[in-house]
2 protein chains.
Amino acid sequence: MRKIAESTVRRLSLYLRFLEDFGEQGAETVSSEALAARGGTTSAQVRKDLSFFGSFGKRGLGYRVPELTTRLREILGLARRYRLVVVGAGKIGSALVQFGGFRKRGFDIVGILDRDPAKIGARWNGLTICDAADLTGELRRLEADVVVLATPAEAAQGVADQVVASGVRAILNFAPVSLAVPEAVTVKTINLAMELEALSYALTHQ
Amino acid sequence: MRKIAESTVRRLSLYLRFLEDFGEQGAETVSSEALAARGGTTSAQVRKDLSFFGSFGKRGLGYRVPELTTRLREILGLARRYRLVVVGAGKIGSALVQFGGFRKRGFDIVGILDRDPAKIGARWNGLTICDAADLTGELRRLEADVVVLATPAEAAQGVADQVVASGVRAILNFAPVSLAVPEAVTVKTINLAMELEALSYALTHQ
DNA sequence: GTTTGTGAAACGATTCACAGCT
DNA sequence: AGCTGTGAATCGTTTCACAAAC
């Protein structure tokens, strides 16, 4: 498949959520204009984004909500569930496990790993924290699809290397570093400090 | 000042962190090449990003670490501290308050607001949860610089409207909606579901 | 010799605008 | 008449490449 821009994929994810809302409200069809209004973009952008994957609409009518919802789920790879393993049982790891809001969107946390003997064996939300000493083996044993990297910055690259070695090809990174990984592995980084600093910049420059 | 791209500002935030690391390791100077290697970008990109704000380097030498660190802090508006108010005392709000990692980067959580009588009055990490009934008034009383919006999706736009009315011009939004706000207000949205779905997309398409 | 700062070129994403279908 | 799908035009960002400074 042709290379699709990061920004396009993110908008598809937004459209899916809006479609779910429209569906709950009983809408049968939706226009690119309506989706755009909801997502802070333009109707041309919506049509272009969808056109990369096919022609899902009817001219003069718009898109059928249930069909487009299903197609977007397929495109995003959400027809299945994913197994998440959290590495790092600190504040962020704890928050993510407690949060648990992923499950209803198809992502199950199936393991928590840490190196700290004081934490190993503790139970969080029904899961026991396991030793991350043999990280690669644990990830294989747990059949991890995605690693949620929630260690301190210093440990992050080492963990990433082991994740790559284990064959896991997706990392959600909360450490404030840019990870070096092979092309076949995808990393999405969430950096709260960076977002706050971008707000600080905006507040400062008028 | 000329309009600077979002992506540039985010990279400046990264460079600042790398400079702090270089500084701790005792480096006196750093080249655009070294910063680029650390940040997963190119030396030309680093130089271009910095050039929007001035000429901070010496040809043949590179950049002096302490000077560039100071200048980046100024550019990003980090010469002062910011007052954060968390609106929504649910799982995400709780996690953010417990986390507390913002303080050492200049952001202090000074208030937590919620509408739920069962939560009002509880103490979290030394802060008492206050009633969000008069949100606008509370934000003024607390002298909020930034609102961290951590309510359910349904309540988010209503809260955003009150935030705007209060005069606060920066929102860090954790609700999975795109907020409509006037141009003078900056919103950064963190959407974990979107990040996971982008990983799902990457895993699915080879 | 090294590395910056920066116009120019290349690239990529968004918007326009309209033909074509319902 | 209404709305999609899409090539063409526009806009913005990144990369190139080199003159200027050390």
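Not measured: the values here are computed from a predicted model. Note that these values count all heavy atoms, side chains included, but never hydrogens, waters or copies made by symmetry. Every chain is numbered from 1, with letters handed out A, B, ... down the list of sequences.
Across C:dT6, D:dC22, C:dT14, the shortest atom-to-atom separation from the side chain of B:Ser51 is found for C:dT6.
With hydrogens and angles disregarded, no donor-acceptor distance shorter than 3.5 Å links the side chain of B:Thr69 to the backbone of B:Glu20. Looking at B:Asp145, its side chain never comes within 3.5 Å of a backbone N or O of B:Tyr82 through a donor-acceptor pair. Not a single donor-acceptor pair under 3.5 Å links the side chain of B:Thr189 to the backbone N or O of B:Ala175.
Spacing between atom NZ of A:Lys58 and atom C1' of C:dT22 amounts to 9 Å, rounded to whole angstrom units. Atom-to-atom, CZ of B:Phe52 to C1' of C:dG7 comes out at 12 Å; the value is rounded to the nearest Å. The distance from atom NZ of A:Lys48 to atom P of C:dG12 is 15 Å, rounded to the nearest whole Å. Rounded to whole Å, atom P of D:dC22 lies 14 Å from atom OH of B:Tyr63. Put simply, CG on A:Asp49 is 11 Å from P on C:dA13, counting in whole angstrom units. Distance CG (B:Leu68) to P (C:dT4): 11 Å, rounded to an integer number of Å. The CZ-P distance, from A:Arg71 to D:dG5, rounds to 12 Å in whole Å. The nearest whole Å value for the distance from the CZ atom in B:Phe53 to the P atom in C:dT6 is 14 Å.
For B:Arg47 and D:dT15, the shortest distance from a side-chain N or O to OP1 or OP2 is not below 4.0 Å. A close approach under 4.0 Å does not occur between any side-chain nitrogen or oxygen of B:Gln45 and OP1 or OP2 of D:dT13.
A heavy atom closer than 4.0 Å to some atom of DNA chain D occurs in no member of residues 194-206 of chain A. Of the residues in residues 17-36 of chain A, A:Ser31, A:Ser32 come within less than 4.0 Å of DNA chain D through at least one heavy atom, sorted by number.
Here the closest non-hydrogen pair linking B:Arg11 and B:Asp49 is NE-OD2, 2.7 Å.
Checked by distance alone, A:Arg59 brings no side-chain donor or acceptor within 3.5 Å of a matching partner on the base of C:dT22.
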Original post:
Passes salt bridge (charged side-chain N to carboxylate O under 4.0 Å, His left out), A:Arg141 versus A:Asp134? Steps please.
Top reply: CA-CA 11 Å; A:Arg141 187 179 65 76; A:Asp134 175 26; over 6 Å; no
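Under 4.0 Å is where a charged nitrogen must lie from a carboxylate oxygen, and between B:Glu67 and B:Lys58 no such pair does. The existence of a salt bridge linking A:Arg10 and B:Glu197 is excluded, since no basic side-chain nitrogen approaches an acidic carboxylate oxygen closer than 4.0 Å.
A perpendicular orientation is assigned to the rings of B:Tyr201 and A:Phe53, their planes being inclined by more than 60° (bins at 30° and 60°).
Residue contacts for B:Ser7: at a heavy-atom cut-off of 4.0 Å it reaches the sugar-phosphate backbone alone, with no base atom in range.
Here SG of A:Cys130 is found 7.0 Å from CG of A:Leu142. Values are rounded to the nearest 0.5 Å.
Residue order along DNA chain C, read from the 5' end via each residue's closest nucleotide, puts B:Gly62 first among B:Gly62 and A:Ala5.
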